[in-house]
Amino acid sequence: MRAGFSIARLGAVALLMFALSAPLPSRATDGPRPPLILAIAGRTCQIQHAVLAAAIPYVSLREISQCTGGDAQLIPARGLVEARVAGVRATLWPWGEPVAIVDGLRQPELPEQPWIWDNGRLLVSIEALEALTGGRIATRFRPEDLPIRAEPVDAFRQDMGPRGTGAGLRVLVDPGHGGDDRGTADAEGVPEKEITLAVGLRLAARLRARGFDVRLTREEDVYPSLQERVQMANSWDADLMLSIHCNSAPRKTARGIETYYLSRVASDPRALELASFENAFDQQQSTGDLLGDLLSEVARGVQEETSGRLAPIFHEHLAGGVGGENRGVRKAPFFVLAGTTMPAFLVELGFMSNPEDAALLRDAGHQDRLAAALASGVEAIVPWLRTRAAAPAEQAKP
Ligand SMILES: [Zn+2]
């Protein structure tokens, strides 16, 4: 058998290579060649458009879809591809972090480089197809018969590039505290409100560069109340709210990064303590049961569930991008997240009570790394944000 590539590379893919006796076509051209034969969910498909790129075979998603009784179409306004393949409905986001959702629910684990654009066609790797269809695929072909694409033509990316990943999505960036509310402070007396603003402005710039529509709750040293911040998010109908804070703890060794989402119930006593601190300034100004009022307000069920689902994805990219200690995802009753109708996170970028964290938080280079990591966290959940943006009426119901 003339194996032109490594089977191991395809992992679990059931790849049966035929020892065909036909003469080999030229490998570097699109010249006539035997069609690729794929068996999917009991059907035999002859695929015309298939290429080999970086030793991975890719086949036309549309051809596969049509062969199995479905279709695939690009929906540029929403920046996604909807396809029905072998009875499953797959939604792909063909740029940025590769993500797919199957039947509106399942997020399959995709192989590296799951798809490429080749002369305007979306080609999906065999392995990715297997992930999408839950393994209902068997292939019979010789990979060496496929035309080779050393550098796949990526016309789609070029088209989408200037618009950016975030086109059409609204993110409200909320630098915590401000004005008379200094937040916590480090040993040198630098207040939290300065760090949150510095990172918030950098994050806004980075998100705008990626095509997001961005507003800030504050761009200078002023204090909008937590209720006002929530109202900004809701009246603008933001797709995501991101509140930026820095931590503090009596134990000076505590350090690292955390993502919180809103819950009426705190995940642990420390989370509740933190929420009390972040809520404190507004609580002093208020006579009534502010938290109780806010929590009884809007759509919190939907918000908590959605944010809880997205927070780990967001946080993985955030923590991965920054490095250092990862304290994970927690939940707590934060005023500034309560009453928001969109997914909302509060991030604690590090501990100002820890000398090493404090030095990093004051450092402009680190602030920029934080902003970049936050932006990549936002990018990672873009597919879900788009789903929400496409169906606001459904999601906004209390
Ligand atoms: Zn804070």
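Indexing begins at 1, ligand by ligand and atom by atom, following the structure's order.
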Could you pull out the closest heavy-atom pair between Ser65 and Ala72, with the gap in Å? OG-CB, 3.7 Å

Show me, pair by pair, the donor-acceptor contacts under 3.5 angstrom made by side chains of residues 189-203, not counting sequence neighbours?
| unit_1 | atom_1 | unit_2 | atom_2 | d |
| --- | --- | --- | --- | --- |
| Glu192 | OE1 | His177 | NE2 | 3.2 |
| Glu192 | OE1 | Thr184 | N | 2.9 |
| Glu192 | OE2 | His177 | NE2 | 3.1 |
| Glu192 | OE2 | His245 | ND1 | 3.3 |
| Glu192 | OE2 | Cys246 | N | 2.8 |
| Lys193 | NZ | Gly179 | O | 2.9 |
| Lys193 | NZ | Asp221 | OD1 | 3.2 |
| Lys193 | NZ | Asp221 | OD2 | 3.0 |
| Thr196 | OG1 | Gly176 | N | 3.4 |
| Thr196 | OG1 | Gly176 | O | 2.8 |
| Thr196 | OG1 | Glu192 | O | 3.4 |
| Thr196 | OG1 | Lys193 | O | 3.1 |
| Thr196 | OG1 | Arg218 | NH2 | 3.3 |

So with a 6.0 Å cut-off around CG of Asp180, is the heavy-atom count from everything else above 12? no

Among all residues two or more places apart in sequence or in another chain, which pass the side-chain contact (heavy atoms from CB on, under 4.5 Å) test with Arg327? Ala254, Glu258, Arg270, Glu325, Arg330, Phe351

Suppose the cut-off is 2.8 Å; how many protein N/O/S atoms fall inside it around the Zn ion (ligand 1)? 5

Counterpart residues, side-chain contact (heavy atoms from CB on, under 4.5 Å), relative to Arg206 (two or more places apart): Arg210, Asp368, Ala371, Ala372, Ala375

Just checking, any donor-acceptor pair under 3.5 angstrom between side chains of Glu63 and His49? yes

